[in-house]
Amino acid sequence: MTRGRFIVFEGIDGCGKSTQARRWAAELDGRFVFEPGDTELGAQLRTWLLDAHFAMGPRVESLLMLADRSHHVTTVIEPTLDQGVDVIADRFFASTLAYQGYGRGVDLAELRAATSLAIGSCRPDLTFLLDVDVSVARQRGASRQDDRFESVPGDFLERVRDGYREMAASDSDHWAVVDGTLSEEDVASRIREVLAERR
Ligand code: TMP
């Protein structure tokens, strides 16, 4: 049986990735998944991770994200791909590199090594970066003060966005950057073109 395709949507909150990921899971008759929190264990980890009232250093944050991801890969993502079904993910390992690495300053080489431990060889076939300015994302109202990641002041989200752009630019075979300020339909058209080009 042909293995399913693993397609990931990434970007800062408010970029429109969740809408597109759900849409493409339906269009491709695939399985929609998300991180963090898509399993019973992950849902518990997500409440710890997002609740800004628990103090936690960036390494702990990284390790909890990776624990969520490792469990998600083993129990959901790999078995689904093995059944020949496409998996369409709202965030995957690039989120940890962008937020905890570029954003919080955790060493990128160490994060990549820890990621390998967590997910082995399970890598996306293609990752879409829906790129928007931080100011646009904020205007879209994605910011939530009780969310650990959305409530960080200063240029945190700028670093996260720059990190995403750097990762996409350095691996264009596996990434496609789409202007997330376009309308939902125009973003979807661009994604359709890329999927057709990279069959
Ligand atoms: P969500 O809003 O897309 O559900 O993601 C929740 C928050 O978690 C979001 O602000 C980004 C953050 N996050 C990380 O910091 N590192 C990660 O590895 C993942 C998956 C999410």
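Note that ligands are numbered from 1 as they come in the structure, with each ligand's atoms numbered from 1 the same way. Any value given below was found using the heavy atoms of this structure, including those in side chains, with hydrogens, waters and symmetry copies removed.
An N or O contact shorter than 3.5 Å links Thr96 to ligand 1 by distance. For Tyr99, no nitrogen or oxygen atom sits less than 3.5 Å from a nitrogen or oxygen atom of ligand 1, counting backbone and side chain alike. Considering backbone and side-chain N/O of Arg91, one or more are found under 3.5 Å from N/O of ligand 1.
Salt bridge annotation for Asp86-Arg5: present, with a cationic side-chain nitrogen under 4.0 angstrom from a carboxylate oxygen. Under a 4.0 Å N-O distance rule, the pair Lys17/Asp90 qualifies as a salt bridge. Remark: Asp179 does not engage Arg190 in a salt bridge, criterion side-chain N to carboxylate O under 4.0 Å.
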Please tabulate, one pair per line, all N/O donor-acceptor pairs under 3.5 Å involving side-chain atoms of residues 111-119, not counting sequence neighbours.
| from | atom 1 | to | atom 2 | distance (Å) |
| --- | --- | --- | --- | --- |
| Thr115 | OG1 | Leu111 | O | 2.8 |
| Ser116 | OG | Arg112 | O | 3.4 |
| Ser116 | OG | Arg123 | NH2 | 3.3 |

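At a threshold of 4.5 Å between non-hydrogen side-chain atoms, the residues Val73 and Phe92 count as touching.
Of all atoms in ligand 1, listed by their number and element, those nearer than 4.0 Å to a heavy atom of Pro36 are 20 (C), 21 (C). For ligand 1, the atoms closer than 4.0 angstrom to any heavy atom of Gln100 are 14 (C), 15 (O), 16 (N), 17 (C), 18 (O). With ligand atoms numbered from 1 in the order given, ligand 1 contributes 3 (O) to contacts under 4.0 Å with heavy atoms of Lys17. Which parts of ligand 1 touch Arg46 is read off a 4.0 Å heavy-atom cut-off, strictly below it: atoms 4 (O).
For the ligand labelled ligand 1, residue Glu61 lies outside the 4.0 Å heavy-atom shell.
Using a 4.0 Å cut-off between heavy atoms, Glu10 makes no contact with ligand 1 at all.
Separation of atoms CZ (Arg91) and OH (Tyr99) is listed at 4.0 Å; rounding is to 0.5 Å.
Partners of Asp155 under the salt bridge (Lys or Arg N to Asp or Glu O under 4.0 Å) rule, at least two apart in sequence or in another chain, are Arg159.
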